[in-house]
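These notes concern the structure reproduced below.
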Amino acid sequence: MVGGFIVSSFPRASMADFTFEQDTQIFRDRDALTEDYTPNTLVGRDDELEEFHAALQPVINDENPSNIFLYGKSGVGKTAATRYLLGQLQEDVQEVPGVSVTVVEVNCDGLNTSYQTAIEIVNQLRPHENQIASTGYPQSKVYQFLWEELDACDGTVLIVLDEVDHLNDDSILYQLTRARDNGNISDINLGIIGISNDLTFRENLSSKVRSSLCERVVSFSAYDARQLRQVLKQREEVAFYDDTLSEDVIPLCAAHGARESGDARRALDLLLMAGDLARKNHDEMVREEHVRQGKEEIEKEIIAEGISDLSEHARVLLRTLMNMTNEDATPARTQDIIPIYRKICEETGKDPVSVRSIRDNLAALSQLGITSRNEINQGRSGGKFTKHELVYEVHTVQSALASIED
DNA sequence: TTTCCACAGGAATAAAGGGCGA
DNA sequence: TCGCCCTTTATTCCTGTGGAAA
């Protein structure tokens with residue numbers, strides 16, 4: 001046993017393969033490129049911060065805050081702006097006697113239902129030894145726990161629901177936004193901050209939820225390539241030692257982010273991955289080849305993360321599309337995919353699912369951005385149908401699938 | 001303007017599985 | 001242990017869609 005690791009019995013080349021050495025001096029503070037880092041200033045988000053700040057102002061006056069809805073594409077600074085302003089608010093509140101604020105931040109990705117979200121909020125407000133289980137309670141009981149925990153807080157409670165569009169139902173939004181009117185809470189001011197990447201989410205909410213959740217709406221525009229370079233430059237100064245990036249690294253990462261709809265997170269992830277690869281190779285500088293290699297690694301991670309939650313049959317359909325791509329048979333319409341999918345199921349001893357489920361699985365793959373779909377209408381003789389194809393190279397999808405299945 | 005085609009996807013429902021409380 | 005309540009994944013049934021042809 002060394003440092004808590006149990007030495008396993010599988011064959012190894014030599015113990016020397018696993019020794020640790022001092023890294024090449026590239027990163028000054030690698031964490032500055034991760035999602036958890038909140039910079040001191042947010043580049044190019046002045047208008048958004050001003051609107052958001054105005055919506056939060058009632059908290060410091062111990063007034064009931066407006067519910068706020070933030071929307072914009074992924075990686076445009078919604079979560080960063082929220083953490084930045086709420087951090088500032090919590091600091092400032094300490095200077096004001098008699099005013100307090102409690103922030104509960106919940107990421108709805110992976111929770112899916114109002115029931116699970118309510119449980120997550122309850123557990124964030126409860127001590128570790130008094131947490132409730134993720135299932136088994138009647139819904140009314142879970143809401144009862146929620147009102148009890150909220151009423152036990154002081155002053156203002158702000159509940160941040162990040163990726164709120166991942167919820168399959170809006171019951172929790174209705175319950176929270178109407179909690180005071182319905183007499184479920186009495187002693188606190190409650191504000192909801194909903195964050196969504198889905199620009200249509202707001203329109204799809206029931207009218208009663210839309211009017212109360214979207215009292216204040218802050219729209220975040222996408223970063224352009226110039227702003228992305230500024231964001232990367234700002235992080236470079238904190239994250240890397242001087243003269244450790246070759247001059248084409250930042251423009252390449254910024255161009256990648258700009259291609260991904262102005263997504264700063266993608267650009268920062270690529271810069272982090274390029275730095276990691278340079279360090280792994282014991283190189284003294286991060287160069288263009290690290291960025292290019294990093295881009296492929298990130299694509300693999302995106303696919304692996306997406307398909308890890310998918311059903312077994314969605315993966316079989318992904319294999320079907322890989323086979324069809326290799327045979328130059330994509331873009332392929334659903335009716336052409338189905339017989340090949342069924343053949344693969346037969347060969348692997350699996351029972352194929354219904355056509356309706358195949359459609360759902362193909363839609364899930366497309367929603368994850370692993371495949372793309374194109375609707376075609378050939379009119380009275382041909383009808384309307386969809387064609388599907390892989391977004392990524394077959395070998396990239398293949399190695400992502402292999403990493404999941406290992 | 002109406003009809004037709006080939007789906008796409010919403011709604012209702014079932015089955016299986018897991019946690020909780022009595 | 002059993003009934004209840006929830007989840008996820010699946011099924012069947014049915015309506016909606018929209019461009020081309022009649």
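Values below: all heavy atoms of this structure, side chains included; hydrogens, waters and symmetry mates excluded. Within every chain, numbering begins at 1; the chains are lettered A, B, ... in the order of the sequence lines, protein sequences first and strands thereafter.
- Ranked by how close their nearest DNA chain B nucleotide is to the 5' end, A:Ile132 and A:Gly383 are led by A:Gly383.
- Distance CD (A:Glu375) to P (C:dT17): 12 Å, rounded to an integer number of Å.
- When rounded to the nearest whole Å, the span between CD of A:Gln116 and P of C:dC5 equals 17 Å.
- In this structure a side-chain-to-backbone donor-acceptor pair under 3.5 Å is present from A:Thr371 to A:Ser366.
- Closest contact between the side chain of A:Arg373 and the listed nucleotides B:dG9, C:dT11, C:dA10 involves B:dG9.
- Side-chain contact annotation: A:Asn361 with A:Ser311, donor-acceptor N/O pair under 3.5 Å present.
- One atom, OH of A:Tyr115, and another, C1' of B:dG18, lie 11 Å apart when rounded to the nearest Å.
- The side chain of A:Asn377 approaches C:dG18 more closely than any other nucleotide in the set C:dG18, C:dT7, B:dA6.
- For A:Lys384 and C:dA20, the NZ to C1' distance is 13 Å, given to the nearest whole Å.
- A:Glu51 and A:Ser219 share no side-chain donor-acceptor pair at under 3.5 Å.
- Counting only heavy atoms from C-beta on, A:Val353 has its side chain closest to C:dT11 among C:dT7, C:dT11, C:dT17.
- Of all nucleotides listed (C:dT17, B:dG9, C:dT7), B:dG9 comes nearest to the side chain of A:Ala363.
- One interatomic measurement links the two molecules: CG of A:Asp360 to C1' of B:dA11, which rounds to 12 Å at whole-angstrom precision.
- Here the side chain of A:Arg356 is nearest to one of C:dG18, B:dG9, C:dA10, namely B:dG9.
- When heavy atoms are screened at a 4.0 angstrom cut-off, A:Gln378 is found touching the sugar-phosphate backbone but no base atom.
- For the pair A:Arg45 and A:Phe52, the cation does not sit on the ring face, since its NZ or CZ is not both under 6.0 Å from the ring centre and inside 45° of the axis.
- Distance, A:Ile376 CD1 to C:dA20 P: 12 Å, rounded to whole Å.
- Contact check, A:Ser311 against C:dT9: no side-chain N or O comes under 4.0 Å of OP1 or OP2.
- Rounding to whole angstrom units, CG of residue A:Leu362 and P of C:dA10 are separated by 13 Å.
- Counting non-hydrogen atoms of neighbouring residues, nucleotides and ligands closer than 6.0 angstrom, the CD atom of A:Glu63 exceeds 12 such neighbours.
- For A:Ser354 and C:dT11, the shortest distance from a side-chain N or O to OP1 or OP2 is below 4.0 Å.
- Atom CG in A:Asn374 sits about 19 Å away from atom P in B:dA6, given to the nearest Å.
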